Amino acid sequence: MDREERYRLVARNTAEIVTEEELDSLLDRDPTIYIGYAPTGEMHIGHFTTIRKLADFLQAGLDVKVLIADLHAHLDDEKSPFDLLDARSAYYREAIEGMVAAAGADPKQVEFVPGREFELSSEYSLDLLRMAADTTVARTRRAGSEVVRQSENPTLGGLLYPLLQSLDVAALEADIAYGGIDQRGIYMLSREVLPEHGYDAPVCLFAPLLSGLTGGKMSASEAGSSITITDDSEAVKQKVADAYCPQGEVEDNGVLEYLEYLIFPILDERKDPFVIERPEEYGGNVTYEGYAALEADFVSKGLHPQDLKTAAATYIDEAIAPIRDRFADRPNLLIEAYPETYD
RNA sequence: CCGCGCUUAGCUCAGCCUGGCAGAGCAGCCGACUGUAGAUCGGCUUGUCCCCCGUUCAAUUCGGGGAGUGCGGACCA
């Protein structure tokens, strides 16, 4: 694969790259890229889009590491109780492997690292404390404002969170930090503070944050706003049917975004087309080879939201089906990770 | 260690002073209008009023005790 194609694969479907020049020069070799997931709530289709891209990285020859950020899950307002960290980490790992496989890549090529495996070492702790000594409360709050749950009385855990995440980059020896654009504040802090403590500033790659199905931002606390990776066919159908999807409009349109960032890349990998079945009355069936043509038809109102939704639900359901099947075989993973929901 | 505040619907909170069938907004659900959804309109659901004891015909409300949570003060050799 030539250099240009590698860059294209790594950079496609991203919201921002800091900086493009730095990324390009990293491709002189095979750099290490990492993304961290805090094992909190159940994983959804938003996670899937970021994980889908790991397939791009692998194909471009990058070393891919996934941090299962167990301590972060607890430090951020105790989103996960300490006692559930192991169970949720196991669930996240299985889910992520399932998504990588569903994206057409080999999960064995991804290196998984639990946070507690290295975040408690004395070197890490010392670095953390030294960073804490020269980082103001205001600075760390600003850095974490889009990620860490905000409250009137923030805990020390939430304030430490951005510093841990910065040190993770160094400890994992990652050249590139990958994550949603909501992580921008934290990694900009990393770029500032890591060099002051003897480490390299990471190149940053940010994924766009996709809209929720109810319009506006996707929210984990709003059930209808996202499709969970273990939702059954009926739930997928229902959620897509209920989705905010104004005719001809692209903005805040979750249905279109899932097609662009998740479904089409997967179909592209398999060289499959996207087929919309439509009554003759409304123009009959249509086939799309790429997202751009579909969006153009939708914007010109040649493609009605109802027909789009029906097809989208089918393809989304098909995309998560293999992941759902994995958990059907191992129901304890979910029961133990989310006893309140599944027990 | 001391003082003060808070705890009521899924969420944010009002009500308590002056005891009398537990409320609002948001969310959710159902209809109407749309070849989807949303918006709009109409309708509807939801409660261990933190716990225990006491006073009272009657306690979410008053008194006592306790729990959880938050803030402040004191201590600073």
Side-chain angles (χ1 to χ4, degrees), chain A residues 40-42 44-46 49 74-84 137-138 141 145-146 148-160 209-228 231-264 274-288 291 293-320 338-343:
Chain A
T40 54
E42 283 188 66
H44 51 71
I45 204 162
T49 61
H74 188 65
L75 284 174
D76 183 4
D77 200 36
E78 299 180 281
K79 281 179 181 171
S80 287
F82 197 79
D83 289 346
L84 287 180
V137 169
R141 285 190 80 172
S145 65
E146 293 294 315
V148 178
R149 184 173 289 166
Q150 301 295 298
S151 85
E152 205 178 326
N153 301 299
T155 63
L156 207 48
L159 295 174
L160 243 25
L209 244 44
L210 304 192
S211 300
L213 288 176
T214 50
K217 284 185 179 174
M218 191 178 321
S219 160
S221 54
E222 202 185 326
S225 115
S226 67
I227 292 168
T228 303
D231 274 347
D232 61 26
S233 299
E234 203 48 47
V236 173
K237 223 167 93 181
Q238 193 60 53
K239 285 180 181 179
V240 175
D242 290 344
Y244 172 79
C245 188
Q247 185 168 24
E249 272 186 39
V250 175
E251 197 180 339
D252 281 340
N253 192 323
V255 180
L256 283 179
E257 291 177 20
Y258 298 155
L259 294 182
E260 178 177 10
Y261 293 102
L262 182 65
I263 301 302
F264 271 97
F274 186 83
V275 181
I276 293 181
E277 294 183 2
R278 194 164 59 171
E280 285 304 325
E281 177 190 354
Y282 298 125
N285 297 359
V286 256
T287 298
Y288 296 99
Y291 172 76
L294 180 146
E295 186 184 291
D297 273 2
F298 187 79
V299 168
S300 72
K301 302 189 179 177
L303 176 58
H304 191 275
Q306 176 68 77
D307 300 318
L308 175 74
K309 281 183 170 183
T310 308
T314 303
Y315 280 90
I316 290 171
D317 183 49
E318 192 183 302
I320 64 171
Y338 305 100
E340 306 270 315
T341 309
Y342 290 97
D343 206 11

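These figures come from a predicted structure and were not determined experimentally. Below, chain A is the first sequence line, B the second, and so on; all start at residue 1.
Comparing the C1' positions of B:rU36 and B:rC11 gives a spacing of 29 Å, expressed to the nearest Å. Only the P atoms considered, B:rG73 is 28 Å distant from B:rG15, to the nearest whole Å. Of the P atoms belonging to B:rA37 and B:rG31, the separation is 11 Å, rounded to the nearest Å. As rounded to the nearest Å, B:rG25 and B:rG43 have P atoms that lie 12 Å from one another. Rounded to a whole angstrom, the distance from the P atom of B:rC50 to that of B:rA14 is 13 Å. Spacing between B:rU45 and B:rG28 at atom C1', rounded to whole Å, works out to 9 Å. B:rG47 sits 11 Å from B:rU60 when the C1' atoms are compared, rounded to a whole Å. Straight-line distance between the C1' atoms of B:rG20 and B:rU12: roughly 29 Å, to the nearest whole Å.
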Give RNA chain B the dot-bracket treatment, 5' to 3': Watson-Crick (N1-N3 with N6-O4 or O6-N4) or G-U (N1-O2, O6-N3) under 3.5 Å, [ ] crossing, | other strand. (((((((..((((......[..)))).(((((.......))))).....(((((..]....))))))))))))....
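A donor-acceptor contact closer than 3.5 angstrom links the side chains of A:Y342 and A:E42.
Residues forming a salt bridge (charged side-chain N to carboxylate O under 4.0 Å, His left out) with A:E249 (at least two apart in sequence, or on another chain): none. Every side chain to side chain donor-acceptor pair (under 3.5 Å) that A:K79 has, sequence neighbours left out, goes to A:D76. Looking at residues two or more places apart in sequence or on another chain, you find no side chain to side chain donor-acceptor pair (under 3.5 Å) involving A:T314. With sequence neighbours left out, the side chain to side chain donor-acceptor pair (under 3.5 Å) criterion links A:Y261 to no other residue.
Distances shown here put a side-chain N or O of A:N153 below 4.0 Å from the OP1 or OP2 atom of B:rC71.
The minimum heavy-atom distance linking A:L213 with A:G254 is given by the pair CD2-C, 4.4 Å. Taking every heavy atom of both residues into account, A:D307 and A:I276 meet most closely at O-CG2, 3.7 Å.
Heavy atoms from other residues, nucleotides or ligands lying under 6.0 Å from CD of A:E277 number 12 at most.
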Could you go through A:K237 and A:D317, starting from their C-alpha distance and side-chain angles, then the distance that decides it, and tell me whether this counts as salt bridge (charged side-chain N to carboxylate O under 4.0 Å, His left out)? CA-CA 8 Å; A:K237 223 167 93 181; A:D317 183 49; over 6 Å; no
Going 5' to 3' through nucleotides 31-38 of chain B, assign each nucleotide B (protein heavy atom under 4.0 Å from a base atom), S (under 4.0 Å only from sugar-phosphate atoms) or - (no protein heavy atom that close). ----BBBS
